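Step one of this worksheet: look at the structure below.
Any value given below was found using the heavy atoms of this structure, including those in side chains, with hydrogens, waters and symmetry copies removed. The model shown is predicted, which means the values in this text are computed figures rather than measured ones.
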Amino acid sequence: MPSLRNCLVMFACAAVAVTLFAPPAAALPEPDPPAPAIPQRYLDQPINWSVCPFDGTVKQLYPPAPTTNCATVMVPMDWNNPDGHPDIRLRIALSRATGQSRGLMSSNPGGPGGAGLTLSAALAIDKPQLFSDYDLLGFDPRGFGQSQQLQCLTTTEELAALPTTPDYKERTAQTHRTEIAEAQLLARACNATEFGQFVSSQQTVYDMEFLRALMGARLLNFIGYSYGTWLGGWYADTYPGNVGRFVLDSNMDWTHTQWLNVNFDPFSFQRRRDTQLLPWIARHADQIEGNLGTTPEQVLANYDSVRARLVELVKAGSSSVRGDGLDGNVASAIYGNIRFIRALLDVLVHQEYVNAPSASGEVELAHVDQAWARLAPALQQYDTLAAIRARYGVSATAALDASTTVVTPRSAIADAKAASAGLPGDAVVNLGAIGTTVRCNDTAWEDDPHFYTREADRQTRRYPFFGYLNGVPMCAFWPHAPQDRTLDLTGSPRILMITGELDPATAYEGALRTHNDTARVTRLVSIDDEGQHGQYIGSASACAEEIGDRFVFTGELPGGDRICGTSPLPEDGSVYPVDGPVDGNAVRLPKGKRANPALQELLDQIAGRSLS
């Protein structure tokens, strides 16, 4: 049976956990809003089921799988005012248990913005007992995928007027102006329609409760990854009496703010790169022709040299291949252990490019093929040349594959500029469904853009790999009040949390803080020396997998928190120790407000969205 180990390594997420500095203290939060009643007309709507387009793939990978049917259902745009706006569409997928059903199981892959329609079926391919024991529900969250899509609308004139910077890592006045102008444009664009205000976690939680009721289930069972842990925590706090078995994997710090989460990304990405990726590349120097170095320090020096040359070429006006683009590619690749090979290839492709820049100013087929040829067959087995060609848009037979590229607000702007070249100035351009909209709607943000430029400057000095990641979030200019809640999980049954020690996208320290906030309800499984984002089902840790299985299929949890071991990185003989937070070397937190080839594409898309 095909394994989903290689499929789950790229769950992306919501991006991350805690920060070193918090914004100025805000006023005490308002009491949590009461959960709205579901108008009967939504429960009585007819549902026109048909076989899902992906059902054939599921049965090809696991022939005994039940048929998965898809449908579109209508929900209010605003659950607090169902008659105040047009209804919106939710796309759902459902298969019925082949045995005695234990209830309804749903899932979310992360983001915000990850499309989850196929996820429940994808998980069951590797864990067939899900097919036999549960009715499986997949859904695309409001705003994304095949559900009602958020439109972030601007014009070619506004795009053309944006300032630019050759490198976001260079913390200059020009970079500050660019970040502020981009954030202003994005905030306006994602509020161009009335729907933007209602693409939020709380409204999605109301959708989840509606789907539970629509399916006639007494309880909702749930597997959530990354940002999916935020959704799971918020659902459990809103509807504690309807919580079944919740597995929250690669946890955000979901009892605190979105800002406290994303502002820890610079540290956690730096830690994953420096403690695992760079040493791994050095250890495998004998499997890389023209290796990048035999020590982590040598590998880093080569990386920095390639990056500096990329910036020089951009400044000279002869290239569009950016240094910050290399950083973004590597950051998205190190979500998963087997994607270390892809991160290595990103460095090699860019090295080939700076050694022989193209007349087009872009990465070309020869650069990719030459980089690929430098890998020993033992490393090549973890990826494909076709996928790497698609990642760089140089495939001779296919256009750029969106599943292998990094999608961020910055790249959305760059892509829109390129696509709208030559159009009239007043032409409307859709930047797409930008997941940061959810973050802006969820919790309070500092409204002074210079607070964020100062913080990005500081983070870049301290964490030079990706300290500039957040720049100025569009949330600084968000016009709507946060749809926040104070989570304590009162009345909820126990929830299982699983988190890797070195996760780049949801830092361990943030997950631990949320666990401490909810210790009466949550059990925490920590995976020592593990940095993969996305663990349960196809985990690198057999220990964590076993604990998850026992809970999902029997309801039994450990009597206390657990620390699990893990398995080696690709082509390593054993696990190399890292003195991280599980070993007592946690980052101090401030006081603040609380591979399955047919399905790999879905998970790589989510990883691409994770930096938005």
Under 3.5 Å side-chain donor-acceptor pair for Thr257 and Thr443: no

Is there a side-chain contact between Leu379 and Leu345 in this structure, where contact means two heavy atoms from C-beta onward sitting under 4.5 Å apart? no

N/O donor-acceptor pair under 3.5 Å between Ser200 side chain and Gln203 backbone: yes

Out of curiosity, Asp528 CG to Tyr508 OH, how far, rounded to the nearest 0.5 Å? 9.0 Å

For Phe340, the ring pair (Phe, Tyr, Trp, His ring centres under 6.0 Å) test, sequence neighbours excluded, returns Trp280

Working to the nearest 0.5 Å, report the span between CG of Asp517 and CH2 of Trp254. 8.5 Å

Under the salt bridge (charged side-chain N to carboxylate O under 4.0 Å, His left out) rule, collect the residues that match up with Arg307, sequence neighbours excluded. Asp167, Asp327

Taking side chain as C-beta onward, heavy atoms only, is Met497 less than 4.5 Å from Val525? no

Trp230 versus Asp442, side-chain donor and acceptor atoms under 3.5 Å: yes

According to salt bridge (charged side-chain N to carboxylate O under 4.0 Å, His left out), who are the partners of Asp488, at least two apart in sequence or on a separate chain? none

Quick one: pull up OG in Ser526 and CD1 in Ile563 and give me the separation to the nearest 0.5 Å. 6.0 Å

Does a donor on one side chain sit under 3.5 Å from an acceptor on the other, for His515 and Asp561? yes

Side-chain donor or acceptor of Thr154 paired with backbone N/O of Ala189 under 3.5 Å: no

So Leu248 and Thr522, side chain to side chain contact (heavy atoms under 4.5 Å, CB included) or not? Walk me through it. CA-CA 10 Å; Leu248 304 184; Thr522 55; over 6 Å; no

How would you list, by chain and number, every residue that makes a salt bridge (charged side-chain N to carboxylate O under 4.0 Å, His left out) with Asp529, sequence neighbours excluded? none

Taking Thr175 for its side chain and Glu170 for its backbone only, find out whether a donor-acceptor pair lies under 3.5 Å. yes

Rounded at 0.5 Å granularity, tell me how far CH2 in Trp259 sits from CZ in Arg439. 11.5 Å

Any donor-acceptor pair under 3.5 Å linking the side-chain atoms of Tyr353 with those of Ser319? yes

Can you list the residues that meet the salt bridge (charged side-chain N to carboxylate O under 4.0 Å, His left out) rule with Glu297, with sequence neighbours excluded? none

Using modelled atom types only, decide if a donor and an acceptor are shared between the side chain of Ser539 and the backbone of Tyr536 within a distance under 3.5 Å. no

For Leu300, which residues count as a side chain to side chain contact (heavy atoms under 4.5 Å, CB included) partner, sequence neighbours excluded? Arg273, Leu278, Asp304

Close side-chain approach of Arg374 and Asn291, heavy atoms under 4.5 Å: no

Does one side chain, of Gln276 or Asn337, offer a donor that lies under 3.5 Å from an acceptor on the other? no

Looking only at heavy atoms, which two atoms of Ile334 and Ala343 are closest? And how far apart? CG2-CB, 4.1 Å

Non-hydrogen side-chain atoms of Val306 and Leu326 separated by less than 4.5 Å: yes

Are Tyr225 and Asn251 linked by a side-chain donor-acceptor pair shorter than 3.5 Å? no

Asn441-Trp478 side chain donor-acceptor pair, cut-off 3.5 Å: yes

Of all heavy-atom pairs linking Val575 and Pro568, the shortest is CG2-N, 3.6 Å

When rounded to the nearest 0.5 angstrom, what distance separates CG in Leu344 from OH in Tyr382? 13.0 Å

Short question: side chain of Asn108, backbone of Gly224 - any donor-acceptor pair under 3.5 Å? no

The criterion is side chain to side chain contact (heavy atoms under 4.5 Å, CB included); which residues satisfy it with Asp383, sequence neighbours excluded? Arg339, Ile341, Arg342, Trp372, Ala387, Ile388

Taking every non-hydrogen atom, the tightest pair across Gly114 and Pro141: O-CD, 3.4 Å

Check ring pair (Phe, Tyr, Trp, His ring centres under 6.0 Å) between Phe246 and all other residues, then give those that pass, not counting sequence neighbours. Phe222, Tyr235

I'd like to know if the side chain of Asn191 and the backbone of Ala187 have a donor-acceptor N/O pair within less than 3.5 Å. yes

Would you mind listing every disulfide (SG to SG under 2.5 Å) that reaches into residues 441-478, with sequence neighbours excluded? Cys440-Cys475

Arg562: what forms a side-chain hydrogen bond (donor to acceptor under 3.5 Å, both in side chains) with it, not counting sequence neighbours? none

Side-chain contact test, heavy atoms from C-beta onward, threshold under 4.5 Å: evaluate it for Pro504 versus Arg271 and give yes or no. no

Do Trp445 and Phe451 have their ring centres less than 6.0 Å from each other? no

Measure across Pro296 and Ala282 and return the closest heavy-atom pair with its distance rounded to 0.1 Å. N-CB, 3.8 Å

With distance as the sole criterion, is a donor-acceptor pair present between the side chains of Tyr392 and Glu362 under 3.5 Å? no

Quick one, Ile527 and Gln532 - any side-chain contact, counting heavy atoms below 4.5 Å? no

Exam field: side chain Gln483 to backbone Gln197, donor-acceptor pair closer than 3.5 Å: yes

Flag, side chain of Asp253 to backbone of Ala511, donor-acceptor distance under 3.5 Å: no

Taking every heavy atom of Pro482 against every heavy atom of Ala444, the minimum-distance pair comes out as CB-N, 3.6 Å

With a 4.5 Å heavy-atom cut-off, do Ile223 and Asp249 have their side chains touching? no

Is any side-chain heavy atom of Ser201 closer than 4.5 Å to a side-chain heavy atom of Val438? yes

Taking atom types as modelled, is there a side-chain donor on Thr514 or Thr255 under 3.5 Å from an acceptor on the other? yes

Does the separation of the ring centres of Phe466 and Tyr468 fall below 6.0 angstrom? yes

Minimum heavy-atom separation for Ala412 to Ile434, with atom names? CB-CD1, 4.4 Å

Nearest 0.5 Å, please: how far is OG1 in Thr437 from CG in Leu186? 8.5 Å

Does the Ser305 side chain pair with the main chain of Asn302, one donor and one acceptor, at a distance under 3.5 Å? no

Name all residues meeting the side-chain hydrogen bond (donor to acceptor under 3.5 Å, both in side chains) criterion together with Thr275; count only those two or more places apart in sequence or in a different chain, and write none if there are none. none

According to salt bridge (charged side-chain N to carboxylate O under 4.0 Å, His left out), does anything in residues 177-190 pair up with another residue at least two apart or in another chain? List the pairs. Glu158-Arg188, Arg171-Glu179, Glu179-Arg410

Can Glu312 and Lys315 be counted as an ion pair, charged N to O under 4.0 angstrom? no

Pair Thr506-Asp503, side-chain donor/acceptor within less than 3.5 Å: yes

Using only atom types and a distance under 3.5 Å, with no angle test, would you say the side chain of Asn430 pairs donor to acceptor with the backbone of Gly432? yes

